Visitor: 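There's a structure below that I have some questions on.
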Amino acid sequence: GRSPQFQCLEVDVQLNCPVMVAFSPLHQREASSLRRLAVANAHEVNVYRVYESDTVDHGAPPQFVLTHMLKLDTESLVNGILFSDEDSSRQLLVSTGTEGGRNGPQYSVKVWSCEQIPSWPQVVPSTPLAADNEPSLRENTPTMLDSSSASAARPRVVDWTEHEGYIANLDEHKAPVTRLATNKTYLLTADAVGECRLWQRNRGFARRTLATLHPGGVADLIVDRLFAYTAGCEDRRICAWSLPELSPVLSIPVDLPEELMMGTGPGRPALPRAEVEEGTEQAASTEVAGSAAPTAPQYPALSRINLLRRPLSRWAGWQGSARASKAPRGSLFVAGVLGEGCEIAGSGAGVLMQWTLGDTAVCQNAQIAHDSPIVSLVYGPYDNGPLITADAKGTFRVWELLLERGLCLSQQVDVPGVRIDLAANGIHCPAVAVEQPQGLYIAAGTPKLLVWQRHQASSADGLSRM
């Protein structure tokens with residue numbers, strides 16, 4: 001048999017029903033970069049320093065040390081968390097709103113500094129120091145440090161207060177801010193009515209651009225160096241927008257040819273992008289039109305597009321874009337939900353697609369990936385993948401990208417005890433954060449956080465079952 005790519009571990013984070021997770025830095029480029037993990041439920045956010053376990057014990061999870069806590073008022077909800085920079089964990093973004101999701105002035109994204117360090121002892125209790133004076137831990141149970149501890153030997157936890165102590169408050173949205181995305185220069189926030197705001201990070205998060213991207217709401221938002229990519233909750237479109245103007249660059253109405261879904265067609269149809277004059281209002285409706293003739297059979301419809309993901313590097317087709325490029329290039333992975341009337345799967349099945357962007361947009365691969373909607377779509381932790389999908393039932397599937405065959409299922413892992421009821425409230429659970437090339441952190445609404453670590457003896461293919 002093949003060597004597993006990951007070993008799966010469970011870690012108690014002493015947080016009831018964790019359903020959100022964020023990690024930074026994505027890449028450990030400098031030894032001085034502090035690794036931090038943020039975990040949240042509906043009303044609380046915990047931030048942990050992450051230390052490596054003793055490398056002699058390959059079965060030990062990372063060491064999590066609690067450093068910061070935020071507890072919201074009972075009528076407030078956490079809508080999302082994200083570190084403001086994928087190369088640094090200095091600042092954490094927390095999107096909050098009110099119970100019930102009513103539109104109004106009560107929604108904000110606050111920026112919190114994680115550099116307010118609690119009173120650290122010289123030695124964490126029962127923790128030997130390694131040669132570099134970092135804690136070196138062998139136990140599978142991490143040291144969880146409580147802010148109420150009376151022991152002077154334990155570091156204090158910084159208690160953030162919802163209404164004070166933050167370094168910025170982005171409170172222009174009038175609907176729940178459900179999507180956060182960041183690159184080296186900008187922060188983008190998108191809400192449930194389709195508005196997106198672009199904030200300049202190096203100018204105190206000053207708002208630079210406002211645009212309505214999708215009437216009816218933004219289902220997902222991701223960003224790279226030059227473009228933002230969005231999916232609408234209602235319009236079944238994938239759109240690309242230039243930065244920082246948020247000007248429309250590409251709009252793809254996604255419907256699926258039957259032969260593509262079933263793999264029986266003569267080939268993969270290229271969907272040419274219509275040319276329009278630059279700077280005209282027509283640009284907003286630049287479309288990728290299907291190549292079928294008017295007499296072609298009816299395509300099975302997607303009820304919605306819900307998730308987007310770009311690869312992490314050129315190895316999976318992301319060539320990046322030249323500075324003067326007017327259109328995005330490379331691969332874009334898309335998750336959608338199947339509508340009524342398809343013979344090959346029932347309504348609500350999760351569809352996984354791979355699109356290649358460029359002078360023409362091509363749907364390279366489309367298949368039924370889950371029998372229920374995909375709620376998590378993650379790429380990594382390696383430059384070349386894999387792509388990981390999960391549904392609300394706790395079924396994880398790992399996909400390898402093969403040149404000749406496209407996305408191919410390589411492994412399946414079933415996580416017991418996932419909070420299935422959360423999907424009805426719009427909570428994407430399980431939630432997954434990536435650390436390259438170490439592994440994945442998964443919040444599944446279960447009492448423990450799941451840590452998928454790179455297997456030490458792995459040849460980087462496959463996934464171990466729990």
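FYI, side chains are in, hydrogens and waters are out, and symmetry mates aren't considered; it's all heavy atoms of this structure. Along the sequence shown, residues are numbered consecutively beginning with 1. Bear in mind the structure is a predicted one, so any value in this text is a computation, not a measurement.
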Visitor: May I ask you to decide if Glu115's main-chain N or O and Ser113's side chain share a donor-acceptor pair within less than 3.5 Å?
Guide: yes
Visitor: If we count only N and O atoms by modelled type, under 3.5 Å, do the side chains of Thr230 and Trp241 hold a donor and an acceptor together?
Guide: yes
Visitor: Output the distance between atom CD (Gln367) and atom CD (Gln354), rounded to the nearest 0.5 Å.
Guide: 10.0 Å
Visitor: Does the side-chain contact (heavy atoms from CB on, under 4.5 Å) test come out yes or no for Val78 and Val45, once each step is laid out?
Guide: CA-CA 8 Å; Val78 179; Val45 182; 4.0 Å; yes
Visitor: Nearest 0.5 angstrom please: Asn79 CG to Arg179 CZ, how far?
Guide: 11.0 Å
Visitor: Given 3.5 Å as the limit, does a donor-acceptor pair link the side chain of Thr209 with the main chain of Pro244, or not?
Guide: yes
Visitor: Distance from Thr178 atom OG1 to Asp191 atom CG, nearest 0.5 Å?
Guide: 7.0 Å
Visitor: Ignoring hydrogens and geometry beyond distance, is a side-chain donor-acceptor pair present between Tyr229 and Arg310 at under 3.5 Å?
Guide: yes
Visitor: Are side-chain heavy atoms of Leu198 and Arg208 found at a separation under 4.5 Å?
Guide: yes
Visitor: With heavy-atom distances below 4.5 Å as the criterion, would you say the side chains of Leu307 and Arg309 are in contact?
Guide: no
Visitor: Can you find a heavy atom in the side chain of Val378 that is under 4.5 Å from one in the side chain of Val434?
Guide: yes
Visitor: Taking atom types as modelled, find out whether His173 and Thr189 have a side-chain donor-acceptor pair closer than 3.5 angstrom.
Guide: yes
Visitor: Do the side-chain N and O atoms of Asp12 and Gln14 include a donor-acceptor pair separated by under 3.5 angstrom?
Guide: no
Visitor: List the steps and the verdict of side-chain hydrogen bond (donor to acceptor under 3.5 Å, both in side chains) for Asn183 and Glu86.
Guide: CA-CA 7 Å; Asn183 65 10; Glu86 65 178 25; over 6 Å; no
Visitor: Give a yes-or-no answer on whether the side chains of Tyr441 and Glu435 include a donor-acceptor pair shorter than 3.5 Å.
Guide: yes
Visitor: Looking only at side chains, do Glu44 and Asn46 share a donor and an acceptor under 3.5 Å apart?
Guide: no
Visitor: In terms of side-chain heavy atoms, does Gln106 have a donor or acceptor partner in Asp171 at a distance below 3.5 Å?
Guide: no
Visitor: Taking Ile374's backbone N and O only, do any of them form a donor-acceptor pair with Asn306's side chain (distance below 3.5 Å, no angle check)?
Guide: yes
Visitor: Would you call Lys393-Asp371 a salt bridge at under 4.0 Å N-O?
Guide: yes
Visitor: In Å and rounded to the nearest 0.5 Å, what is the SG to CD1 distance from Cys363 to Ile238?
Guide: 8.5 Å
Visitor: Could you give me the CA-CA distance, side-chain angles and deciding distance for Phe83 and Leu92, then say whether side-chain contact (heavy atoms from CB on, under 4.5 Å) is met?
Guide: CA-CA 4 Å; Phe83 286 98; Leu92 180 70; 4.0 Å; yes
Visitor: Does a donor on one side chain sit under 3.5 Å from an acceptor on the other, for His370 and Thr389?
Guide: yes
Visitor: Between Gln412 and Thr395, does any side-chain donor sit less than 3.5 Å from a side-chain acceptor?
Guide: no
Visitor: Are any side-chain N or O atoms of Arg36 and backbone N or O atoms of Val50, one a donor and one an acceptor, separated by less than 3.5 Å?
Guide: no
Visitor: Just so I know, are the side chains of Thr96 and Val94 near enough to count as touching, which here means a heavy-atom distance under 4.5 Å?
Guide: yes
Visitor: Quick check against the 3.5 Å criterion: does Gln436 have a side-chain atom that pairs as donor or acceptor with the backbone of Pro381?
Guide: yes
Visitor: Taking all non-hydrogen atoms of both residues, which atom of Ile305 and which atom of Leu308 are closest, and how far apart?
Guide: CG2-CD2, 4.3 Å
Visitor: Can you check whether Gly165's main-chain N or O pairs, donor with acceptor, with Thr161's side chain at less than 3.5 Å?
Guide: no
Visitor: If only atom types and distance count, is the side chain of His43 paired as donor or acceptor with the main-chain N or O of Ser76 below 3.5 Å?
Guide: yes
Visitor: Does Glu52 come within less than 4.0 Å of Arg35, counting only side-chain N to carboxylate O?
Guide: yes
Visitor: Is the backbone of Asp73 close enough, under 3.5 Å, to the side chain of Glu162 for a donor and an acceptor to pair up by distance?
Guide: yes
Visitor: Evaluate the side-chain contact (heavy atoms from CB on, under 4.5 Å) criterion for residues Leu243 and Val223: first the C-alpha distance (whole Å), next the side-chain angles of each, then the deciding distance (0.1 Å), finally the verdict.
Guide: CA-CA 9 Å; Leu243 300 178; Val223 64; 3.5 Å; yes
Visitor: I want to know whether Trp199 and Phe205 have ring centres closer than 6.0 Å.
Guide: no
Visitor: If the plane angle is over 60° it's perpendicular, under 30° parallel, otherwise tilted; pick one for His68 and Trp160.
Guide: tilted
Visitor: Could you check whether any side-chain heavy atom of Trp355 comes within less than 4.5 Å of a side-chain heavy atom of Val362, counting everything from C-beta outward?
Guide: no
Visitor: Considering non-hydrogen atoms only, spot the tightest contact between Pro430 and Val375 and give its length.
Guide: CD-CG2, 3.8 Å
Visitor: Minimum heavy-atom separation for Ser331 and Pro311, please, with both atom names.
Guide: O-CD, 3.2 Å
Visitor: Of all heavy-atom pairs between Val432 and Ser376, which one has the smallest distance, and what is that distance?
Guide: CG2-OG, 3.4 Å
Visitor: Among residues at least two apart in sequence or on other chains, which ones pass salt bridge (Lys or Arg N to Asp or Glu O under 4.0 Å) with Glu172?
Guide: Arg197, Arg207
Visitor: Can you tell if the side chain of Leu402 reaches within under 4.5 Å of the side chain of Leu407, non-hydrogen atoms only?
Guide: no
Visitor: Is it the case that the side chain of Thr446 and the backbone of Gly417 share a donor-acceptor pair, with hydrogens and angles ignored and the cut-off at 3.5 Å?
Guide: no
Visitor: Atom CG of residue position Asn169 - does it have more than 12 heavy atoms of other residues, nucleotides or ligands inside 6.0 Å?
Guide: yes
Visitor: Ring centroid separation for Trp452 and Phe396, is it under 6.0 angstrom?
Guide: yes
Visitor: Is a side-chain donor or acceptor of Tyr379 paired with a backbone partner of Gly385 at a separation under 3.5 angstrom?
Guide: yes
Visitor: Which heavy atom of Ser95 sits nearest to which heavy atom of Val109, and what is that distance?
Guide: CB-CG2, 4.1 Å
Visitor: Could you walk me through whether Leu440 and Ile388 pass the side-chain contact (heavy atoms from CB on, under 4.5 Å) check?
Guide: CA-CA 10 Å; Leu440 311 171; Ile388 299 173; 3.2 Å; yes
Visitor: Salt bridge check: are Asp85 and Arg201 linked by an N-O gap of less than 4.0 Å?
Guide: yes
Visitor: For a quick test of reading the model, state the closest non-hydrogen atom pair linking Cys114 to Ser89 and the distance between them.
Guide: CB-O, 3.6 Å
Visitor: Side-chain contact test, heavy atoms from C-beta onward, threshold under 4.5 Å: evaluate it for Leu352 versus Leu387 and give yes or no.
Guide: yes
Visitor: For the CG atom of Leu338 and the OG atom of Ser303, what is their distance to the nearest 0.5 Å?
Guide: 7.5 Å
Visitor: Kindly compute the distance separating CG (Leu188) from OG1 (Thr182), expressed to the nearest 0.5 Å.
Guide: 8.0 Å
Visitor: Taking side chain as C-beta onward, heavy atoms only, is Tyr48 less than 4.5 Å from Val65?
Guide: no
